[in-house]
There are 2 protein chains.
Amino acid sequence: MRRLKPMATRVEQRQRTEARILTAARRLFGEHGFDRTTIRAIATEAGSDPGLVMRYFGSKEKLFAQAAAIPADRPIEGSPEQIARLLTAALTDKLADEPTAALAALRAMFSHPEAAEEVRAAMTSQQRQVAAQLPGDDAVLRSGVIGALTLGLVVSRHLVRLDGLDASPEELIAVVGPIIEELATGA
Amino acid sequence: MRRLKPMATRVEQRQRTEARILTAARRLFGEHGFDRTTIRAIATEAGSDPGLVMRYFGSKEKLFAQAAAIPADRPIEGSPEQIARLLTAALTDKLADEPTAALAALRAMFSHPEAAEEVRAAMTSQQRQVAAQLPGDDAVLRSGVIGALTLGLVVSRHLVRLDGLDASPEELIAVVGPIIEELATGA
DNA sequence: CGATTCAGTCTACGAGTGTTGACTGAACGG
DNA sequence: CCGTTCAGTCAACACTCGTAGACTGAATCG
């Protein structure tokens with residue numbers, strides 16, 4: 001019996017299993033939300049075991065926190081026109097296909113208070129930053145509308161799958177881009 | 001012991017209790033979503049009993065269906081400018097304070113498949129109707145963006161409570177109205 | 001090799017859920 | 001006035017969930 005090289009070292013196995021669990025968690029949290037996703041279902045989809053999920057991630061809450069962590073947006077700075085361009089580019093990314101991680105956060109946001117706070121914090125911080133650089137005394141309001149528009153588009157496309165929102169990101173940007181620029185400059 | 005006039009007839013009592021349950025259900029479904037709202041909590045808030053809720057409404061699902069029924073929007077017809085005006089007026093209503101019924105549907109939509117389908121159906125039908133009357137070959141896309149913008153504003157204001165979106169409906173409409181008109185006319 | 005660590009499995013517990021059915025007393029109808 | 005109906009109460013059931021802990025066998029290390 002050859003025992004010189006094991007199929008996989010322990011750390012490899014561990015990393016692989018954790019990754020499989022995390023992937024399954026993202027998919028299921030994103031598809032069914034926090035409450036309707038069970039540790040058991042995640043374990044099954046990952047070809048693993050509920051007890052193992054608990055041991056590796058501590059609790060369902062902590063697993064969710066890792067699975068739905070919102071990647072920090074790049075800083076948005078410059079003239080109103082530049083800001084509009086940066087926001088439009090960021091929106092293009094968000095409209096790209098199936099951002100499973102953010103999707104989980106988005107969906108859970110409406111039933112999971114902590115997730116809601118995280119999304120809120122992420123949006124608010126970027127929005128404050130943008131508002132400070134926009135002209136006009138309704139800058140806060142206008143940057144809020146930009147945020148609402150962005151959120152609405154992402155939700156409508158990925159979660160609601162609304163009619164007409166299934167166009168290519170380019171077509172969507174062609175319609176929405178000018179609006180964002182208007183809101184940014186205050187025209 | 002006077003027994004000629006009871007405090008309340010049976011039908012009165014029944015109606016009152018059903019109404020209390022429905023009110024409590026709307027509030028709790030709207031605040032915590034479908035899964036996190038328990039029949040027990042609804043019964044307690046209504047000053048009633050879980051068993052009674054079941055007997056009157058059949059099941060949690062059916063209670064939710066009654067509590068979160070989406071009121072049909074008025075038909076949207078006319079020239080692009082008129083359509084823009086009607087959509088803006090409808091949005092004004094939706095931005096008014098605490099539309100508990102629709103709020104329950106909106107929140108549940110992200111975790112409760114049936115609620116999602118209901119919201120989707122309501123939005124899609126109105127959107128189709130609007131798109132058919134707008135000029136341009138990207139009418140479907142533009143009316144979709146109007147829907148997304150509307151959804152985004154309502155969600156941002158009532159559910160996320162985003163910065164800047166807490167302005168008065170009039171201030172919001174002052175910013176959003178022109179955008180809707182642009183999208184409607186295709187300028 | 002021998003002892004130890006650790007990935008992975010299995011079973012079970014305690015809490016909370018929707019739902020059911022028996023029971024009580026007051027309103028109802030004849 | 002009496003039998004029936006029904007609003008309201010209470011206790012229990014069946015089930016699912018997150019979680020804890022014992023156990024197994026293979027990888028690891030001195």
Side-chain angles (χ1 to χ4, degrees), chain A residues 1-25 28-29 32-68 108 111-115, chain B residues 1-25 28-29 32-68 108 111-115:
Chain A
M1 301 117 171
R2 56 193 159 73
R3 297 269 267 75
L4 299 177
K5 260 279 175 65
M7 282 182 16
T9 111
R10 275 208 191 141
V11 287
E12 280 172 351
Q13 267 300 345
R14 165 102 187 212
Q15 284 173 349
R16 257 184 258 167
T17 303
E18 279 192 7
R20 283 203 323 271
I21 292 173
L22 222 46
T23 302
L28 291 174
F29 280 138
H32 302 119
F34 181 83
D35 291 313
R36 304 219 159 176
T37 300
T38 67
I39 295 274
R40 286 169 166 83
I42 294 173
T44 301
E45 169 143 340
S48 181
D49 179 276
L52 207 58
V53 175
M54 294 300 298
R55 186 135 65 86
Y56 287 169
F57 294 90
S59 71
K60 187 181 179 184
E61 288 287 342
K62 290 179 187 162
L63 171 59
F64 177 78
Q66 282 203 39
S111 62
H112 193 286
E114 285 190 44
Chain B
M1 303 111 176
R2 56 197 158 73
R3 298 267 267 79
L4 299 177
K5 259 283 175 62
M7 284 183 12
T9 102
R10 273 203 193 146
V11 287
E12 280 172 352
Q13 267 301 346
R14 163 102 188 210
Q15 285 173 348
R16 258 183 258 168
T17 304
E18 279 192 6
R20 285 204 322 273
I21 292 173
L22 222 45
T23 303
L28 291 174
F29 280 138
H32 303 119
F34 181 82
D35 292 312
R36 304 219 159 176
T37 300
T38 67
I39 296 273
R40 284 168 168 84
I42 293 172
T44 300
E45 168 142 338
S48 182
D49 178 276
L52 207 58
V53 174
M54 294 302 298
R55 184 134 65 87
Y56 287 169
F57 294 90
S59 71
K60 187 183 180 183
E61 287 288 343
K62 289 179 187 161
L63 171 59
F64 177 79
Q66 281 203 37
S111 61
H112 193 287
E114 284 189 42

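In what follows, every chain begins at residue 1, and chains take the letters A, B, ... in the order their sequences are listed. Please read all numbers here as calculations on a predicted model, not as lab measurements. Note that these values count all heavy atoms, side chains included, but never hydrogens, waters or copies made by symmetry.
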- For residues B:Ile42 and B:Ala24, report the shortest heavy-atom separation together with the two atoms involved. O-CB, 3.8 Å

- Looking at every strand, decide which applies to B:Arg14 at a 4.0 Å heavy-atom threshold: base, sugar-phosphate, or nothing. sugar-phosphate

- Note on the structure: Rounded to whole Å, CD1 of B:Ile21 lies from C1' of D:dG8 at a distance of 10 Å

- Query: Could you state the CG-P distance from A:Leu52 to C:dT11, rounded to the nearest angstrom?
  - Reply: 16 Å

- Round to a whole Å and report the spacing from CZ of A:Phe57 to P of D:dA20. 16 Å

- Between A:Arg36 and B:Pro113 the two heavy atoms that sit nearest each other are NH1-CD, 3.4 Å

- In terms of heavy-atom contacts, B:Leu52 and B:Ser48 come closest through CD2-OG, 3.5 Å

- Task: Work out which heavy atom in A:Pro50 is nearest to a heavy atom in A:Arg40; give both atom names and the distance.
- Result: CG-CG, 3.9 Å

- Note on the structure: Comparing B:Gly58 with B:Val11, nearest DNA chain C nucleotide closer to 5' gives the residue B:Gly58

- Any A:Thr9 side-chain nitrogen or oxygen under 4.0 Å from OP1 or OP2 of D:dT28: yes

- Message: On the nucleotide C:dG8, are OP1 or OP2 found under 4.0 Å from the side-chain N or O atoms that A:Ser48 carries?
- Response: no

- Item | Closest non-hydrogen atom pair between A:Lys60 and A:Phe34, with its separation | NZ-O, 3.1 Å

- Query: Quick one: A:Glu12 CD to C:dC6 P, roughly how many Å, whole number?
  - Reply: 17 Å

- Task: Using whole Å, report how far CZ of B:Arg40 lies from P of C:dA15.
- Result: 14 Å

- Write down the distance between CE (B:Met54) and C1' (D:dG8), rounded to a whole number of angstrom. 16 Å

- Task: Starting from P on C:dG8, measure out to CD on A:Gln15 and report it in whole angstrom.
- Result: 12 Å

- Side-chain N,O (A:Gln13) to OP1/OP2 (C:dG8) below 4.0 Å: yes

- Task: Identify, between A:Arg10 and A:Phe34, the residue whose nearest nucleotide on DNA chain D lies closer to the 5' end.
- Result: A:Phe34

- Report the distance from atom CZ of B:Arg55 to atom C1' of C:dA22, rounded to the nearest whole Å. 12 Å

- Message: Taking 4.0 Å as the cut-off, does a side-chain nitrogen or oxygen of B:Thr38 come that near to OP1 or OP2 on C:dG16?
- Response: no

